[in-house]
Amino acid sequence: DIASLLRYLKPELTQIKLIHPDVKTSQKEPYYGAEYAIEKFQYSRLNMKQSAKELGIAIVDPNPYIPSDIELLYSTVENSTKQKVISDKRVEAWFEPDTEFDLPKGALTFSITDASASDSVEKRAKLKMFIRAFNEALNEWGYQARMAGLAYAISEPSQLPGIEVTVSGFSQHIPTLLMNILQQMTKFDLSKSQFNTLKREYIIDLNNFKTSSPTQQAFTYFRMLKHP
């Protein structure tokens with residue numbers, strides 16, 4: 001049980017890895033020539049007089065995304081073809097059941113499109129920067145969902161400019177995760193340094209496009225002509 005494993009959580013059984021360009025090495029890996037060193041760590045160098053509370057260590061809150069219901073919603077589906085379940089001026093939704101593996105998992109994809117995002121280069125660049133910034137903001141926020149077997153992706157739709165949100169994994173908490181992501185979309189925050197880093201990376205990617213393969217460039221321009 002968990003209690004019996006806690007006795008192994010002590011400094012004497014810890015392995016510490018240091019990766020640094022100026023680290024002192026004493027051995028060399030024979031195949032790739034990677035230099036490294038192994039030494040016995042003196043745990044007396046650690047200050048173990050502080051309590052867990054003083055060190056800021058605590059048991060995390062319960063993970064709200066861990067599934068408690070893994071029953072299949074249905075074992076067989078009469079009509080396994082893709083079906084349009086919602087169609088109006090604002091929303092078009094499709095449903096296609098996957099019964100191949102009989103797992104309590106699902107995937108939802110929502111696209112928020114806006115043709116006006118292609119009206120100018122500035123608008124398109126702002127959209128791409130928003131997606132990058134939102135993904136960066138969700139990195140830490142989405143940790144619990146990933147640990148519970150859920151996954152999400154924020155990207156740009158392949159057809160029209162906009163934002164595409166895909167959530168997948170154990171189906172019980174997919175709706176909750178999706179709603180939480182949509183709520184975060186309107187209130188997430190980044191520091192100025194984080195934003196400047198993303199902006200610099202985006203500029204590098206734009207410049208690197210000139211040296212990408214001819215095939216990649218051709219497909220990119222084809223998509224631009226097909227969906228201007």
Side-chain angles (χ1 to χ4, degrees), residues 64-65 82-96 98 105-169 171 173-228:
Y65 297 111
K82 184 188 297 185
Q83 306 171 53
K84 184 185 293 186
V85 293
I86 302 177
S87 180
D88 56 38
K89 294 181 179 180
R90 299 182 59 187
V91 178
E92 183 176 288
W94 294 79
F95 171 72
E96 182 177 14
D98 181 0
K105 293 185 176 183
L108 294 178
T109 298
F110 287 83
S111 296
I112 306 171
T113 60
D114 184 1
S116 66
S118 294
D119 289 349
S120 67
V121 175
E122 179 182 357
K123 286 185 177 181
R124 197 63 180 266
K126 287 181 177 179
L127 172 62
K128 291 182 177 293
M129 276 300 302
F130 177 86
I131 293 174
R132 287 172 179 251
F134 190 36
N135 274 307
E136 177 68 20
L138 289 182
N139 275 339
E140 181 178 351
W141 177 88
Y143 175 78
Q144 286 187 315
R146 294 192 295 270
M147 291 298 98
L150 291 171
Y152 62 86
I154 315 297
S155 58
E156 189 174 4
S158 58
Q159 301 297 326
L160 294 173
I163 302 173
E164 186 170 271
V165 181
T166 299
V167 181
S168 60
S171 58
H173 295 303
I174 282 182
T176 302
L177 177 59
L178 177 63
M179 292 304 301
N180 289 341
I181 289 176
L182 295 178
Q183 291 173 2
Q184 288 292 319
M185 191 179 293
T186 61
K187 63 180 182 180
F188 76 92
D189 188 25
L190 284 182
S191 66
K192 186 175 181 179
S193 61
Q194 286 177 305
F195 181 82
N196 288 336
T197 299
L198 294 174
K199 181 179 177 181
R200 184 167 57 252
E201 292 175 350
Y202 180 39
I203 292 174
I204 292 174
D205 290 343
L206 290 175
N207 290 328
N208 287 343
F209 176 74
K210 303 173 184 177
T211 59
S212 61
S213 66
T215 304
Q216 181 180 346
Q217 294 190 39
F219 275 109
T220 299
Y221 287 123
F222 174 76
R223 287 195 298 268
M224 293 172 61
L225 291 173
K226 186 177 180 182
H227 305 287

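If you read the sequence from its start, that first residue is 1, and numbering goes on from there. What you see below is based on every heavy atom in this structure, not just the backbone, and it leaves out hydrogens, waters and symmetry mates.
For the pair M185/F130, a side-chain contact is recorded, criterion being any heavy-atom separation below 4.5 Å from C-beta on. Taking the side chain as every heavy atom from C-beta outward, I163 and L127 approach each other to under 4.5 Å. Side-chain contact between T176 and M179 is absent, with no heavy-atom pair separated by less than 4.5 Å. Taking the side chain as every heavy atom from C-beta outward, P64 and H173 never approach each other to under 4.5 Å. Here the side chains of Y202 and K199 are not in contact, with every heavy-atom distance at 4.5 Å or above. For the pair V167 and F110, the minimum side-chain heavy-atom distance is 4.5 Å or more.
Of the charged side-chain nitrogens involved, at least one lies within less than 4.0 Å of a carboxylate oxygen, so that E122 and K126 count as a salt-bridged pair. Salt bridge D205/R132: present, at least one basic N to carboxylate O contact under 4.0 Å.
When only modelled atom types and interatomic distance are considered, S87 and E92 share no side-chain donor-acceptor pair under 3.5 Å. Neither side chain, S213 nor T215, offers a donor N or O lying under 3.5 Å from an acceptor on the other. Residues N180 and Y65 bring a donor and an acceptor atom of their side chains to less than 3.5 Å of each other.
Between the side chain of Q217 and the main chain of S212, a donor-acceptor pair closer than 3.5 Å is present. With hydrogens and angles disregarded, no donor-acceptor distance shorter than 3.5 Å links the side chain of S116 to the backbone of D119. Remark: side-chain polar atoms of Y152 are paired, donor with acceptor, to backbone N or O of L138 under 3.5 angstrom.
Ring orientation note: the planes of F188 and F134 are tilted relative to one another, at an angle of 30° to 60°.
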With side chain to side chain contact (heavy atoms under 4.5 Å, CB included) as the test, would you mind laying out the steps for Y143 and R146 before giving the verdict?
CA-CA 5 Å; Y143 175 78; R146 294 192 295 270; 4.0 Å; yes

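Within 6.0 Å of the NZ atom in K123, the count of heavy atoms belonging to other residues, nucleotides or ligands exceeds 12.
In terms of heavy atoms, L190 sits closest to E136 at CD2-CG, 3.9 Å. Nearest heavy atoms, E156 versus P161: OE2-CA, 3.8 Å.
When each of L178, L177, L108 is paired with V165, the side chain to side chain contact (heavy atoms under 4.5 Å, CB included) condition holds for L178 and for no other.
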